[in-house]
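Predicted model, so just to flag it, every value in this text is computed and none were measured.
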Amino acid sequence: MSFSLPVAGSHGGTSIQDQRERWERKRNRTARELVQTEQRYCQQLELVTTYFVEILKAKGTLRQDIRESIFSSIKAIHSVNQSLLVNLENGFFGRGFDQFCPHLHHYNKYVDNIYDANKVLGIQLKKNKAFRRFKKLQEARPQFDNWKLEDLLQLPVERIDQYQHFLQDLTANTSPNNPEYQQISRAVAAVGAVSQRIHGNRRRHENHLQLCRVQKLLKGRKTKVLAAGRWYIREGWLKTVPPKGADVKPKMFFLFSDMLLQARRCSPVHPTHGDKFTGQQAYPLQDCTVEKVFGHTRSKGGLLSLTFPKAKLLLMSSNQDDLNDWYQCLSSAVRKLQVKTSVLKDPLRRRPLHSTAEDVSTPGRSQDHSRKRNMVGAGTREHVQGASDQWDSSAPKRIKEADAPEPSSEGSALSCVIL
């Protein structure tokens with residue numbers, strides 16, 4: 001067996017040169033595509049600003065606040081992108097994006113408003129006959145090439161993701177010794193921040209739609225699903241195992257980031273609520289413990305045990321994959337909620353250090369402060385004890401989630417909200 005070593009010299013230089021030529025060809029292809037798509041993009045932005053923003057302002061078909069809600073900062077975006085296009089057409093990619101990135105706040109404003117813009121546009125098309133007719137006439141112009149206003153308004157949001165891909169390709173095929181390399185690299189980071197903002201807004205919007213959908217599925221207004229900071233995770237049917245050996249009952253469960261909602265289906269013969277659910281209990285996940293009783297192997301189904309401070313819930317499913325997914329989702333939600341709560345409680349634990357420092361610095365007043373604290377502490381304990389006795393003797397069966405007591409180190413007064 002023989003081995004042949006690579007020969008240094010002209011062959012190695014040729015391979016390096018070939019690699020550089022391949023990078024240059026890829027860079028030129030990306031640059032050419034970027035310029036062509038930017039030209040088309042600026043033309044489409046001009047359609048919106050010329051045939052909608054300017055003419056609507058002159059005609060007064062829409063009020064100023066409605067125009068601003070629909071079109072937001074698209075006119076400023078068009079102006080910024082025209083300057084970018086001039087640099088790109090002249091081959092100044094680094095300088096063009098270096099001047100473009102400081103104006104990305106116009107895109108931030110636009111992407112934050114896009115969902116409200118779609119909503120306002122839909123309302124105007126439904127209620128404003130003059131605007132509906134005007135929109136139809138403008139879209140019939142040959143310049144629009146069958147483009148609708150709704151699609152044109154989405155272009156700035158879509159263009160950010162396109163910029164990110166173009167810039168990443170340019171960076172990958174540009175030598176670090178190239179003067180434009182640092183400029184393009186900075187643009188990748190700046191555009192990436194706007195892209196993350198878009199994806200975050202999309203996630204929040206989709207979550208809001210899910211919360212609204214679940215709220216409409218529930219009969220009445222006593223069960224409040226819409227809440228700030230709440231995230232929808234999943235839903236599905238599970239069988240509840242009663243503690244006294246009665247028959248298992250199928251229930252619908254909705255899992256959110258901070259609670260598990262148990263509901264039952266309304267009577268199918270009901271004239272208006274046949275396809276809805278009635279909320280029964282809302283279990284807060286703050287102090288919940290999730291365990292898999294059985295179902296660890298590839299058997300058929302399994303049983304989950306959910307332990308709360310004052311309640312215990314046994315959930316059964318005959319689908320092994322569905323049970324495992326419920327277990328993972330519940331465990332993840334409980335873990336994230338507990339981590340978030342522990343982080344929020346840390347500043348409270350460090351507060352007594354400040355009071356101790358004040359007492360040391362003012363020894364003459366320490367006895368008065370301690371005497372006052374003892375008096376206030378005794379009064380507070382009496383008040384809390386009286387309120388606790390009153391709560392235990394007259395606890396309501398139906399309480400709102402917003403009125404539920406906050407969990408404390410001594411244990412929560414209620415482990416679930418009975419709906």
Checking R197 now: which residues fulfil side chain to side chain contact (heavy atoms under 4.5 Å, CB included) with it, not counting sequence neighbours?
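By the side chain to side chain contact (heavy atoms under 4.5 Å, CB included) rule, R197 matches N108, V111, D112, N201.
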
Neighbour count above 12 (heavy atom, 6.0 Å) for [X] [atom1]:
{"X": "R133", "atom1": "CZ", "value": "no"}
{"X": "R22", "atom1": "CZ", "value": "yes"}
{"X": "K276", "atom1": "NZ", "value": "yes"}
{"X": "Q19", "atom1": "CD", "value": "yes"}

[X] [atom1] to [Y] [atom2] distance, which is reported to the nearest 0.5 Å:
{"X": "L125", "Y": "L121", "atom1": "CG", "atom2": "CG", "answer": "4.5 Å"}
{"X": "N118", "Y": "N113", "atom1": "CG", "atom2": "CG", "answer": "9.0 Å"}
{"X": "R234", "Y": "Q328", "atom1": "CZ", "atom2": "CD", "answer": "10.5 Å"}
{"X": "C42", "Y": "N81", "atom1": "SG", "atom2": "CG", "answer": "5.0 Å"}
{"X": "N173", "Y": "R29", "atom1": "CG", "atom2": "CZ", "answer": "8.0 Å"}
{"X": "L34", "Y": "L84", "atom1": "CG", "atom2": "CG", "answer": "7.5 Å"}

Do any pairs count as a salt bridge (Lys or Arg N to Asp or Glu O under 4.0 Å) and have a residue in residues 85-103, sequence neighbours left out, and if so which ones?
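Pairs touching residues 85-103 that pass the test: D98-R186.
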
Give every residue pair that meets the salt bridge (Lys or Arg N to Asp or Glu O under 4.0 Å) criterion with at least one member in residues 65-86, sequence neighbours excluded.
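Listed once each, the pairs are E54-K75, R63-D65.
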
Using a 4.5 Å cut-off on heavy atoms from C-beta on, say whether the side chain of [Y] contacts that of [X].
{"X": "V188", "Y": "S185", "result": "no"}
{"X": "L62", "Y": "I70", "result": "yes"}
{"X": "E206", "Y": "Q210", "result": "no"}
{"X": "Q36", "Y": "R40", "result": "no"}
{"X": "L337", "Y": "S257", "result": "no"}
{"X": "Q39", "Y": "V35", "result": "yes"}
{"X": "V214", "Y": "F256", "result": "yes"}
{"X": "I184", "Y": "F97", "result": "no"}

For [Y], does its backbone N or O pair with a side-chain atom of [X] as donor and acceptor, under 3.5 Å?
{"X": "N90", "Y": "V86", "answer": "yes"}
{"X": "E180", "Y": "F93", "answer": "yes"}
{"X": "Q138", "Y": "Y51", "answer": "yes"}
{"X": "R230", "Y": "D258", "answer": "no"}
{"X": "Q338", "Y": "L285", "answer": "no"}
{"X": "N207", "Y": "R203", "answer": "no"}
{"X": "T240", "Y": "K249", "answer": "yes"}

Going through the checks in order, is the side-chain contact (heavy atoms from CB on, under 4.5 Å) test met by R159 and E38?
CA-CA 9 Å; R159 189 59 177 169; E38 186 69 19; 2.8 Å; yes

Identified side chain to side chain contact (heavy atoms under 4.5 Å, CB included) counterpart of Y107 within the set V80, V157, I198, I77
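Of V80, V157, I198, I77, side chain to side chain contact (heavy atoms under 4.5 Å, CB included) with Y107 is met by I77 alone.
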
State which residue, out of L315, L313, V293, fulfils the side chain to side chain contact (heavy atoms under 4.5 Å, CB included) condition with S305.
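Going through L315, L313, V293 one by one, the side chain to side chain contact (heavy atoms under 4.5 Å, CB included) with S305 is satisfied by V293 alone.
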
What is the minimum heavy-atom distance between [X] and [Y], and which atoms define it?
{"X": "R132", "Y": "K127", "answer": "NH1-N, 4.5 Å"}
{"X": "P309", "Y": "D287", "answer": "CG-CB, 3.7 Å"}
{"X": "G279", "Y": "A263", "answer": "CA-CB, 4.1 Å"}
{"X": "C266", "Y": "T278", "answer": "SG-OG1, 3.3 Å"}
{"X": "N128", "Y": "T61", "answer": "ND2-O, 3.7 Å"}
{"X": "S317", "Y": "D322", "answer": "OG-OD2, 3.7 Å"}

In residues 144-151, what donor-acceptor pairs under 3.5 Å come from side-chain atoms, sequence neighbours left out?
residue	atom	partner	partner atom	Å
E150	OE1	K135	NZ	3.4
E150	OE2	K135	NZ	3.4

Is there a side-chain contact (heavy atoms from CB on, under 4.5 Å) between V53 and K57? Walk through the geometry before answering.
CA-CA 6 Å; V53 178; K57 181 179 179 180; 5.7 Å; no

Mind checking salt bridge (Lys or Arg N to Asp or Glu O under 4.0 Å) for R335 and listing every partner two or more places apart, or none if nothing turns up?
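Counting only residues at least two positions away or on another chain, R335 forms no salt bridge (Lys or Arg N to Asp or Glu O under 4.0 Å).
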
Hey, are Q162 and Y41 close enough side-chain-wise for a donor-acceptor pair under 3.5 Å?
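There is no such pair (donor and acceptor under 3.5 Å, judged by atom type) between the side chains of Y41 and Q162.
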
Test side-chain contact (heavy atoms from CB on, under 4.5 Å) on F131 and L56; report intermediate values, then the result.
CA-CA 9 Å; F131 174 68; L56 284 173; 3.9 Å; yes

Would you say the rings of Y232 and F254 are close, in the sense that their centroids are separated by under 6.0 Å?
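Between F254 and Y232, the centre distance exceeds or equals 6.0 Å.
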
Do any pairs count as a ring-ring contact (aromatic ring centres under 6.0 Å, His included) and have a residue in residues 173-208, sequence neighbours left out, and if so which ones?
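Matches after skipping sequence neighbours: Y115-H205.
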
Decide yes or no on side-chain contact (heavy atoms from CB on, under 4.5 Å) for L217 and R213, but give the supporting numbers first.
CA-CA 6 Å; L217 283 175; R213 180 186 62 83; 3.6 Å; yes

If the plane angle is over 60° it's perpendicular, under 30° parallel, otherwise tilted; pick one for F71 and F52.
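F71 vs F52 ring planes: tilted.
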
